[in-house]
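Single-structure report; data block below.
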Amino acid sequence: MSPVGGLKIAGNSLPRRYRLLLGAVFFVASPVTALAQSTDDQELAAIKTEMRMLEGRLQAIEQRRHPSTASRAARATSSRASAPGRRAEQKIETARIGTPPRSATGTPAGYPSPPAAGGIVPVSTTGFTSGSATQGNTVLPALAAPAPVHQTPPPLFQWLGNQRNEAHRTSIDLSSSSPLAITQTEVDHLPPIFQIGNLTVRLGGFIDFSNIWRSSNMTSGPATAWNNFPYANSPNHGLSEERFSAQLSRFSTLLEANPTKSVRLQAYVETDFGGSGGTTNSVQINGYTPRLRQGYFTFTQKDWGLHVLMGQAWSLTTNYAKGVIPRQEQLPAVTDNNQIPGITFTRVPQIRIAKDWDRKYWLALSIEDPQATVGFSDALSSGGTLPASYGRLAGPRVYYANAGGVLLNPNTQYSYNPAPDIVLKTAVDTSFGHYEVFGLARWFRGLVQPAGENHTHKSTQFGGGVGAGMTVPLGTDKLQLTGNVLAGQGVGRYGPSLIPDTTFDHNGNPSPIPEIMGSLGLVGHPARSVLLYTYGGVESAGRRTYLGADGIQHGYGATDLNLSGCEYEFGTCSAQTRTLASLTTGGWWHFLDGHYGSVMGGLQYTYIRKFAFKGNDGADHAVDPTTYGHTVYVTFRYYPFQQ
């Protein structure tokens, strides 16, 4: 005899009405148990779906960072992840269908005690499956079949940020010769912040505060116009300048989709506050405006080694640290937004197609937006008349630029452009460095109205040059040597000093100016959080002149100008730049790092020397104008996304 509900059970002596009541209790309890199990199954299915989705993202990141080992790592990760999942699933199922918890008497809780020998308790099986389990002679209700697992598609908007209690890590890497956290925003190495459908979104950038000091007053923000350091005739020469600025604060957004394992689509936008409006000033609100630094779309087909870029980005003429793909440029790790004299760069709209072989050998073609700068020994604007050449009574009138129209700056002159600039580059990445060579083709156009005629004709001239670059480790990964060079005619636009691209010959035709520019840098890493650098750079121009009817040279690089006024204050000085040379040294210290971002401090010093083409003092004595300048930057940057 066993106690059940205070009644004595002996054989079939339980009254019929109690047996019916007991059967009804089991009938009602069975759906409740099935419902609880169904809820657990749905929760388990959701957890498994989330785990698979996170594992897929992890494999995608590993494939981008380490293509050669990604497949092995993915298989190992999948194996490790599936084993605990199976064990956890087995434990869950065991908890559900294993031996139920027992009462003090040893009877499974919620079930009647087994009858005495030979006794049978008839229980209705309504609502139970044919696979009901039995314990002794007692029929137990079977568990409901697990609900079918439906993979829920990822939500339209999902937060993917790190939790505060995760193990700390930082994405700032100062070990390269051109750390992306300094030269750009290193957004590629940051985790996605959120997801829109199948598109992941990464945010990058920093808040920049710079203290700028210059030995001569140039009334410039955090970008030094190297060719504008004044000669001694200017009151600003030797008048120091002190300025605070936050204009270099920079923000970027990287959107990425991977339709297949071999196809990657990216869109990148980068902006800072280097623009200024018509009412911008530094008196009260310092309302400097955002400007577009970069904005482009890329398509990558990994199996083919194909890379396509469309939009505004660093020119293909820029030196690269690896390959020829965007956000891998070899830029000096300096604060000054105008880099240093001697490097080659522009940021312009372009269409670029590149091919790689095993990501070791690269070939790229870029078609880029053209613009040209003009220099002349006499004051000359578009539509002006050139001095007559020797043997002529009058010179031609030349047109070469117009003021900006719709959606362009009306205060800026835009040159006539017959064709885009074309860059063809090949590069190789080896265990002992990155090396590249490229060719640049340019075309210059002007309108010429010959003297005494009432019509114009077009004149188009060809220019361009060849260049090379390298990034080489010097026996250790803690010391690197970088360098670049570009030589040609009409390539001044590609240097930070902006030596003019062209001048005019005696017939009014554009005449590309011969130029050469180059830089060499040494980058060291004495500690993981410290970067030190030293760069030297030079830009130099040749002569393009004609002899005028007045017996004086005209064009660019004239050597018979009266330059005596360059040596005393308020004198008249029309010196033309021949060479700029600079020496820059500095460093960065990553001194704060945590779950709320990172902070770095930087110090940069630059010495600049400017040499003009020789002239005379009006008394047949040679004059060789030169000037110099110093700049010092003290910078602090807060990186909220580098956590």
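Values in this document were obtained by computation on a predicted structure and should not be read as measured data.
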Fill in the blank from the handout: All heavy atoms of T183 vs all of L331, minimum pair found to be CG2-O, 3.4 Å
Practice task
Answer whether the closest heavy-atom distance between the side chains of W226 and D336 falls below 4.5 Å.
Solution key: yes
Exercise for the section: Give a yes or no answer on whether the side chain of T585 reaches the backbone of Y533 with a donor-acceptor pair at less than 3.5 Å. Expected result: yes
Exercise for the section: Hey, can you tell me if Y628 and H237 have their rings parallel, tilted or perpendicular (30° and 60° cut-offs)? Expected result: perpendicular
Handout entry: Under 3.5 Å side-chain donor-acceptor pair for T460 and R445
Key = yes
Exercise for the section: Could you verify whether a donor N or O on one side chain and an acceptor N or O on the other, from T224 and R214, lie under 3.5 Å apart? Expected result: yes
Handout entry: From CZ (R293) to CG (L248), nearest 0.5 Å
Key = 8.0 Å
Exercise for the section: Go through V523 and L531 one step at a time and tell me if the side-chain contact (heavy atoms from CB on, under 4.5 Å) criterion holds. Expected result: CA-CA 7 Å; V523 183; L531 178 141; 4.0 Å; yes
Practice task
Kindly determine whether Q553 and R543 satisfy side chain to side chain donor-acceptor pair (under 3.5 Å), including the steps that lead there.
Solution key: CA-CA 11 Å; Q553 298 174 18; R543 301 174 60 238; 2.7 Å; yes
Problem - Whether S382 side chain and Y400 backbone form a donor-acceptor pair below 3.5 Å - result: yes
Problem - Short side-chain to backbone donor-acceptor contact, T426 and W362, under 3.5 Å - result: yes
Handout entry: Any residue meeting side-chain hydrogen bond (donor to acceptor under 3.5 Å, both in side chains) with E567, in chain and number order, not counting sequence neighbours
Key = none
Handout entry: D617 side chain to H621 backbone, donor-acceptor under 3.5 Å
Key = yes
Fill in the blank from the handout: Note: P341 and P496 closest approach over all heavy atoms is CA-CG, 4.3 Å
Problem - Exercise: do D356 and H307 side chains pair donor with acceptor under 3.5 Å - result: yes
Practice task
Keeping the roles fixed (side chain from Q328, backbone from P326), state whether a donor-acceptor pair exists under 3.5 Å.
Solution key: no
Problem - Residues that N227 engages under side-chain hydrogen bond (donor to acceptor under 3.5 Å, both in side chains), provided they are two or more places apart - result: T577
Practice task
Please examine the side chains of Y435 and D429, heavy atoms only from C-beta on, and report whether any two atoms are closer than 4.5 Å.
Solution key: no
Handout entry: Heavy-atom closest pair, residues T271 and P290
Key = OG1-CB, 3.9 Å
Exercise for the section: Just do the side chain to side chain donor-acceptor pair (under 3.5 Å) check on S282 and Y288 with the steps written out, would you? Expected result: CA-CA 9 Å; S282 296; Y288 296 95; 2.5 Å; yes
Problem - Criterion side chain to side chain donor-acceptor pair (under 3.5 Å) on T482 and Q480, from CA distance to verdict - result: CA-CA 7 Å; T482 69; Q480 294 117 353; over 6 Å; no
Exercise for the section: May I ask you to check whether Y268 and T185 show a side-chain donor-acceptor distance below 3.5 Å? Expected result: yes
Practice task
For R243, enumerate each residue passing the side-chain hydrogen bond (donor to acceptor under 3.5 Å, both in side chains) test, keeping only those at least two apart in sequence or located in another chain.
Solution key: E241
Exercise for the section: For residues I343 and N319, determine if any side-chain heavy atom of one lies less than 4.5 Å from a side-chain heavy atom of the other. Expected result: no
Problem - E368 side chain to L316 backbone, donor-acceptor under 3.5 Å - result: yes
Exercise for the section: Using modelled atom types only, decide if a donor and an acceptor are shared between the side chain of S215 and the backbone of H630 within a distance under 3.5 Å. Expected result: yes
Practice task
For Y320 and H434, test the side chains for any donor-to-acceptor distance below 3.5 angstrom and give the result as yes or no.
Solution key: no
Problem - Heavy-atom check, side chain of N507 versus side chain of V448, under 4.5 Å - result: no
Practice task
Establish, from distance only, whether the side-chain atoms of Y390 and R392 form a donor-acceptor pair under 3.5 Å.
Solution key: no
Practice task
For Q371, enumerate each residue passing the side-chain contact (heavy atoms from CB on, under 4.5 Å) test, keeping only those at least two apart in sequence or located in another chain.
Solution key: Y414, S415, N417, R493
Problem - Contact check, side chains of D501 and V374, non-hydrogen atoms, under 4.5 Å - result: no
Practice task
Indicate yes or no: at least one non-hydrogen side-chain atom of L603 is less than 4.5 angstrom from one of V632.
Solution key: yes
Practice task
Take F504 and N509 through the side-chain contact (heavy atoms from CB on, under 4.5 Å) test and state the conclusion after the steps.
Solution key: CA-CA 5 Å; F504 295 99; N509 301 311; over 6 Å; no
Per-pair distances, 0.1 Å, donor-acceptor, side chain in residues 467-475, under 3.5 Å, sequence neighbours excluded:
| residue | atom | partner | partner atom | Å |
| --- | --- | --- | --- | --- |
| T471 | OG1 | Q330 | OE1 | 3.3 |

Practice task
Spell out, as yes or no, whether a donor-acceptor pair under 3.5 Å connects the side chain of T503 to the backbone of G375.
Solution key: yes
Problem - Validation row: F251, F273 side chains within 4.5 angstrom (heavy atoms) - result: yes
Exercise for the section: Examine the side chains of T318 and E329 and answer whether a donor and an acceptor come within less than 3.5 Å of each other. Expected result: no
Exercise for the section: Under the ring pair (Phe, Tyr, Trp, His ring centres under 6.0 Å) rule, what do F570 and Y568 come out as? Steps first, then yes or no, please. Expected result: CA-CA 6 Å; F570 300 115; Y568 60 87; 9.4 Å; no
Practice task
Using atom types as modelled and distance alone, determine if a side-chain donor or acceptor of N484 lies under 3.5 Å from a backbone N or O of G342.
Solution key: yes
Exercise for the section: Mind checking side-chain contact (heavy atoms from CB on, under 4.5 Å) for R397 and listing every partner two or more places apart, or none if nothing turns up? Expected result: T385, Y399, Q449
Fill in the blank from the handout: Residues S176 and H525: closest non-hydrogen pair is O-CE1, 3.0 Å
Exercise for the section: Please confirm whether the backbone N or O of F229 pairs with a side-chain atom of K610, one donor and one acceptor, at under 3.5 Å? Expected result: yes
Exercise for the section: Measure the shortest side-chain to side-chain distance between Y546 and P387 over non-hydrogen atoms and say whether it is less than 4.5 angstrom. Expected result: yes
Problem - Charged N-O contact under 4.0 Å between R637 and D208 - result: yes
